[in-house]
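In what follows, every chain begins at residue 1, and chains take the letters A, B, ... in the order their sequences are listed.
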Amino acid sequence: MKEYNEANDDISIRNVELAAGNGDFGKLYYTPCYATDIDETKESIDFYCDAINTPFPDNRFDCIIICNPWHFGFNSELSKDEPQHFIREMVRIITHRGKVVIIGNSSNKYCKPEKVIEQIGIFNATSIHERLEIDIEDITATNYPDYAFYVTDGSRRTYPNKKITIYVSKS
Amino acid sequence: MYPNLNINHIRTEVAEIPFFSRMERYDYDELFDTHLSIFLSFLLAYQKDTHRNDFYFSYNNYIGLEQFIIEEITIFEKNKPIFEPNWNLVEELKDIFRNKLMESFSKNEDYHRPFLRFILNCFENYWLYQTAHPESFNNPWADVYKLILKGYIFFVTNDEKVIKKYTNHFRESTNDNIVLLVASPRHGVRYKTIDDSFHIQFHIYKFLEQNGMGRTNAKSITDILQQLKITESSYSKKAVNYLKKNHLIEVNKENQLFIPKEEDILEMEDFQKLLKKYHYYQQKAKELSITLENKYHFASKNLSTFQTFKP
């Protein structure tokens, strides 16, 4: 298992991709970047990591990248607060003026723009020291011509149509 | 326009779910297998761009298919009205169901968490699909929704540690198929390993795509299994039955299998009966001055353009 610890952390690497699976989107477009996943059997990952409870210290990264999140993110689950836990975890490990980049499909219930906007609104209404700004962009396959996105089981290509960027300010 | 849904009716239905009453193996056996077979039928009918040459119902495959169906929800059911899923309504229904789960399992919530999480997710997917395709007969979550209404809680996993946490009787699986865990406070936890019939379904269908397109190329099941080096068994029978049930393949009078082409559909006995009935009711509607075309979208389509696959 590729467990994270401070001794094997290269702090010059300022970007991290969460739930990378077998993909290397972060490594290609946000280099240098760590690839992480909850599935320890994925060969290409640098660290084993649960996206809603990461092993990283506070303010560790400048940019977090997430492609096609599934079963974590901005959809309410058994606990209605789960999206807020997720946002708080992102905000915890990211630096002041850092950002979270989410590439996904507008029908993906875990990163549907309306759900992201709603959850960011809830976060901003309750947070005293952090403020999040959101930017949503339409994308097509031509935005990332060198990259093929795949669904979770890796069997089939998927074509994300949204890029959501969340900018983080801390005081 | 989105068809009206009676939320109060659903609220009552959810309130009446008998979570602690019963557990009959034949219930969850059949309903869960049907759910999986519809999942697989979406893969076979719509995922033409994969390079997949084998298929087991592994956890990753299950989740991948779930993601595929939800993300591409508007491309299915081409002959029926298509709506965007009603996300707000689904959120409201999910709240009703979540509250029911919290009330019912407040004592052992941690223990039951994976079960409750899974069925809440199935409940949500069912309604996302249903609000996108209100007239569908192929909602992939319809059968697990029935299971939920019967009071079952369940989840799927590939993780042996998790399975052994819930049951001491687990015998290790020899393939990659998921294991379904079903719990009931009265009966404890039972498990069911998903069998190889789905793996066989995949190969029979792929074989017919290559060698059995159209009535004139029909092949006997014995020939197909021989070519695929699969032994005839209860699993192969089950595989053929599911392929037929999901309208992926048809059988001719000699009991040979084929993937129907458009011209085959027009010749099918069932289709001819349906067409006759349709013309009868069209005539009746005319006599009563009812315009079927406004009421039913399918009626405005030329019946000869019916697709071979129902969704």
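- In this structure, CZ on B/Arg113 lies 7.0 Å from OG on A/Ser79, to the nearest 0.5 angstrom.
- Within residues 109-118 of chain A, the residues approaching chain B closer than 4.5 Å by heavy atoms are, in numerical order, A/Lys109, A/Tyr110, A/Lys112, A/Lys115.
- Only the side chain of B/Leu120 comes within contact range of chain A, judged by heavy atoms closer than 4.5 Å.
- Looking only at heavy-atom pairs under 4.5 Å with chain A, the residue among B/Leu128, B/Ile73, B/Leu101, B/Asn121 that has the most is B/Asn121.
- With a 4.5 Å cut-off on side-chain heavy atoms, A/Ser107 and B/Glu72 do not count as touching.
- In this structure, the side chains of B/Ile70 and A/Trp70 come closer than 4.5 Å at one or more pairs of heavy atoms.
- Rounded to the nearest 0.5 Å, atoms CZ (B/Arg117) and NE2 (A/His71) are 8.0 Å apart.
- No side-chain heavy atom of B/Glu71 sits under 4.5 Å from any side-chain heavy atom of A/Ser106.
- Note that the CZ atom of B/Phe68 and the CG atom of A/Asn105 stand 11.5 Å from one another [nearest 0.5 Å].
- Heavy atoms closer than 4.5 Å to chain A are found in the side chain of B/Glu91, but not in its backbone.
- For the pair A/Leu78 and B/Met102, the minimum side-chain heavy-atom distance is below 4.5 Å.
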